Amino acid sequence: MTFDRSIKIAPSILSADFANFGAECEAIEAQGADWVHVDVMDGHFVPNITFGPATCAAIRPHIKGVMDVHLMIAPVDPYIEAFANAGADVITAHVEAGPHIHRTMQAIKGAGAKAGVALNPATPASEIEYLLDMVDLVCVMTVNPGFGGQKFIHSQVEKVRQLRAMIGDRPIHIEIDGGVDPTTAPLVANAGADVLVAGSAVFRGGSVLDPAPYGANIRSIREAATSIEV
Ligand code: DX5
Ligand code: ZN
């Protein structure tokens, strides 16, 4: 994985056909996705359950690019090795998921993956000040984690701006997760985000048998994020 700050669209397979993940991953990549975002939920840290490392390992051969695994689980540390072995390029854990997020970041890097830290909407940017010299990605949740299709929380744009200033020249991605569509993408891109996760706004209107709408949706998010000064 090389680092750059160009806009990257990361469709979340939370909005894909759960009976057809392999084909869905291939379809979104063929339609222009930069990363594939994989939402792991445990029914404990968040009020929803998705899947675990076995599913990640099964879809890995169907992804050519970056597999971006977002862990909405607590505890995190006992499962890091399994997600790294499943082929995750990026593993993101929540700062709210336990008392030892620094150790969790060390464990992710020790397992050979890029380390991401996610912040819930109520968590201030200052929480991760002392992690900035060790993380590869900061994920700003622009909805409360657990479900796709929720409304973008506008107060988070200011947090993105703060994080961008805190990060300075460090090679750290700022990822936005939740409610990203062509109307909200320019707000966060302008504030300094470079990885835009989108579930419903990418998968809307398409399917594995008719994937062209995925491409049109990805293009309209990318165009909105790259062309508008707000
Ligand atoms: C929410 C997940 C998101 C979600 C985004 O807990 O982390 O990745 O799938 O979905 P949309 O884009 O529909 O808000
Ligand atoms: Zn996510």
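Every number for a ligand or one of its atoms is a count from 1 in the order of the listing. Keep in mind that what you see is a predicted model, and the values were worked out from it rather than measured.
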Quiz item: Counting from 1, what ligand 1 atoms have a heavy atom of A198 closer than 4.0 Å?
Solution: 12 (O)
Quiz prompt | Atom indices of ligand 1 within 4.0 angstrom of P145 heavy atoms, with elements | solution = 6 (O)
Quiz item: Looking at D177, which atoms of ligand 1 are within less than 4.0 Å of one of its heavy atoms?
Solution: 2 (C), 3 (C), 4 (C), 5 (C), 7 (O), 8 (O)
Quiz item: Could you state the interatomic distance from CD1 (I128) to CD1 (I172), rounded to the nearest 0.5 Å?
Solution: 7.5 Å
Quiz item: Is any N or O atom of H70, backbone or side chain, closer than 3.5 Å to an N or O atom of ligand 1?
Solution: yes
Practice problem: Report the nearest protein non-hydrogen atom to atom 12 (O) of ligand 1: residue, atom name, distance rounded to 0.1 Å. | Solution: G199 N, 2.7 Å
Quiz item: Does at least one non-hydrogen atom of A201 fall below 4.0 angstrom from an atom of ligand 1?
Solution: no
Quiz item: Among protein heavy atoms, which sits nearest to atom 10 (O) of ligand 1, and what does the distance come to when rounded to 0.1 Å?
Solution: G148 CA, 3.6 Å
Exercise. Give me the ring orientation class for H173 and F3: parallel if the planes are under 30° apart, tilted from 30 to 60°, perpendicular past 60°.
Key: tilted
Quiz item: Which ligand 1 atoms does S12 reach within 4.0 Å, using its non-hydrogen atoms?
Solution: 8 (O), 9 (O)
Quiz prompt | ligand 1 contact by F147, heavy-atom criterion under 4.0 angstrom | solution = yes
Quiz prompt | Pair Y130 + H102: ring centers closer than 6.0 Å | solution = no
Quiz item: Quick one: do K114 and D68 make a salt bridge, cutoff under 4.0 Å?
Solution: no
Quiz item: So which bit of S200 gets within less than 4.0 Å of ligand 1, heavy atoms only: side chain, backbone, both or neither?
Solution: both
Quiz item: Hey, is K8 close enough to D194 for a salt bridge, meaning N to O under 4.0 Å?
Solution: yes
Exercise. In sequence, state the C-alpha distance, the side-chain angles, and the governing distance for D181 and T184, and then conclude on side chain to side chain donor-acceptor pair (under 3.5 Å).
Key: CA-CA 5 Å; D181 64 20; T184 56; 3.3 Å; yes
Self-check item: atom 14 (O) of ligand 1 [closest protein heavy-atom partner, distance rounded to 0.1 Å]
Solution: G179 N, 2.8 Å
Quiz item: So H154 and F152, would you call those rings parallel, tilted or perpendicular, with 30° and 60° as cut-offs?
Solution: perpendicular
Self-check item: Under 3.5 Å: N/O of G146 near N/O of ligand 1
Solution: yes
Practice problem: Assess H37: does it contribute an N, O or S atom lying under 2.8 Å from the Zn ion (ligand 2)? | Solution: yes
Self-check item: Within-4.5 Å side-chain heavy-atom neighbours: L119 and L163
Solution: yes
